[in-house]
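Here is the naming used below: chain letters follow the sequence lines, and residue numbers restart at 1 for every chain. Note that the structure is a prediction, hence the values are computed from the model and not measured.
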Amino acid sequence: MRWGTAKRLFFLAVLVAVSLAAMRLTVPERVRLTPLEAKFRDVMVPVQGGLTWLGRQVQYWLSVPVSMVRAAERNKALEQEVARLEGEVARLNEYMLENQRLSGLLDYKQVMAGSFDLLVASVVARDPTNWFGTMTLNRGFADGVRENMTVLTPQGLVGRVVAVSDYTCEVLLITDPRSGVGSLVQETRIPGIVEGTAGNSGLARIIHIPNDAPVEKGQTVVTSGLGSIFPKGIPVGVITRTWYESSGLFKSAEIRPFAPLYSLEEVFIVTAVRP
Amino acid sequence: MPVFVFLLMVGAAVLLQTTVLEYAAIMGIKPELVMLIAIFNGFLLGAREGAFLGFAGGVIEDLVSGSYIGLNALSCMVAGYLAGSGGERFFKENILVSTGIAFFSAAAGLTANYLLLMHAGIYLPALHAFLRVIFPSAAYTAVLLPLLFGRALRSFQIQGRNS
């Protein structure tokens with residue numbers, strides 16, 4: 001054996017022995033590091049930390065374009081999903097509100113079945129100006145609607161039918177200046193005519209009430225049924241204000257209708273009144 | 001303005017006024033879109049054309065609404081004429097001035113409307129009519145002029161200056 005070969009074998013044996021010894025010393029169950037190992041780790045920590053940070057940065061920047069594409073796709077999909085769900089929530093809310101309104105109408109219809117024949121109609125259009133208060137309903141001759149039929153809601157009087165086509169009818173609201181409703185104050189039985197002021201105001205008034213008549217704020221006005229096309233006893237509104245007319249002989253009263261005239265969606269048309 | 005465009009604008013205005021504008025009403029007041037179109041045309045084309053197109057638009061509104069034929073026609077005509085006259089006399093490129101002219105034109109048109117209602121036998125308390133209908137409605141209508149037609153108005157004036 002040559003001297004060189006023997007030297008290489010010796011180093012290999014030493015290396016194997018050291019390695020085996022090192023393995024022996026570094027079994028997993030051990031609790032303490034060897035002083036050399038501990039020193040090495042302490043020295044290497046900043047370097048390792050720096051390299052780890054660098055690796056993360058590289059990985060991040062390399063993956064950004066890919067993740068951006070994925071994120072954009074995901075974002076788009078989520079936005080579409082949110083929009084769809086928002087639409088669905090709005091639709092369900094609409095169904096819920098419609099259901100509540102229709103339940104109310106159905107209850108009223110059943111309660112009033114002994115007095116009136118009622119036909120449900122939906123509001124499809126309004127008067128374009130601010131002066132008049134009219135609205136168009138989706139019921140006409142074909143549904144048995146005729147002129148001068150009373151229109152109401154469970155809350156109170158809405159108006160009367162003034163024009164009819166085959167499938168629509170026009171309703172003159174009680175706040176229209178052309179409207180007049182024979183009424184009386186429920187508590188005191190003082191009669192009067194409820195007139196509209198202007199279509200948009202949402203208010204009506206009773207004029208020419210005798211000065212000494214006990215008419216006050218908060219009293220209820222109902223239809224009188226006397227010489228009128230409106231059936232008796234339908235709630236019209238509540239008196240919100242009274243004042244003396246300029247002549248000094250009479251006073252007037254302002255009335256806020258019970259029916260929400262400017263947010264109506266469904267109403268009843270009284271097609272027949274039972275005696 | 002081409003007849004087709006004008007009819008389209010008036011048709012859309014009436015359709016909006018009878019449906020969705022109810023939801024844009026403030027204290028029950030909605031803007032007078034047909035009158036606004038008359039005022040816009042008055043600014044663009046002058047008093048005579050403004051009056052004529054206002055009348056035409058008002059007639060369409062009257063026919064569609066089933067109201068007194070001529071009521072809105074005359075009031076829009078007044079508004080269109082006054083907007084045209086005001087636009088010719090005053091510096092209308094200033095947004096505040098044009099809005100002011102629009103307000104006075106709309107108020108005059110609505111006052112004409114009020115007088116015509118009296119003529120038709122419909123009496124409204126004057127204070128109520130002016131405070132609850134005429135002034136608020138004119139203000140709402142005038143405010144919409146720069147919002148809806150401001151750009152068109154400006155571009156037309158620039159074209160006019162360059163030509």
Toward chain A, the part of B/Tyr114 with a non-hydrogen atom under 4.5 Å: both
Part of B/Leu71 lying under 4.5 Å from any heavy atom of chain A: side chain
Interface moiety of A/Val124 toward chain B, non-hydrogen atoms closer than 4.5 Å: backbone
Crowded around [X] [atom1]? As in, over 12 foreign heavy atoms under 6.0 Å?
| X | atom1 | result |
| --- | --- | --- |
| A/Arg146 | CZ | yes |
| A/Arg101 | CZ | yes |
| A/Phe141 | CZ | yes |

Nearest-0.5 Å distance that lies between atom CG in A/Asp127 and atom CD in B/Gln17: 9.0 Å
Interatomic spacing from CD1 in B/Ile122 to CG in A/Asp176 - rounded to 0.5 Å: 7.0 Å
Which atom of A/Thr129 lies closest to which atom of B/Lys30, heavy atoms considered: O-CE, 3.7 Å
Shortest non-hydrogen contact from B/Leu110 toward A/Trp131: O-CZ2, 3.4 Å
Most chain A-contacting option - heavy-atom pairs closer than 4.5 Å, from B/Pro31, B/Ala120, B/Ala25, B/Pro125: B/Pro125
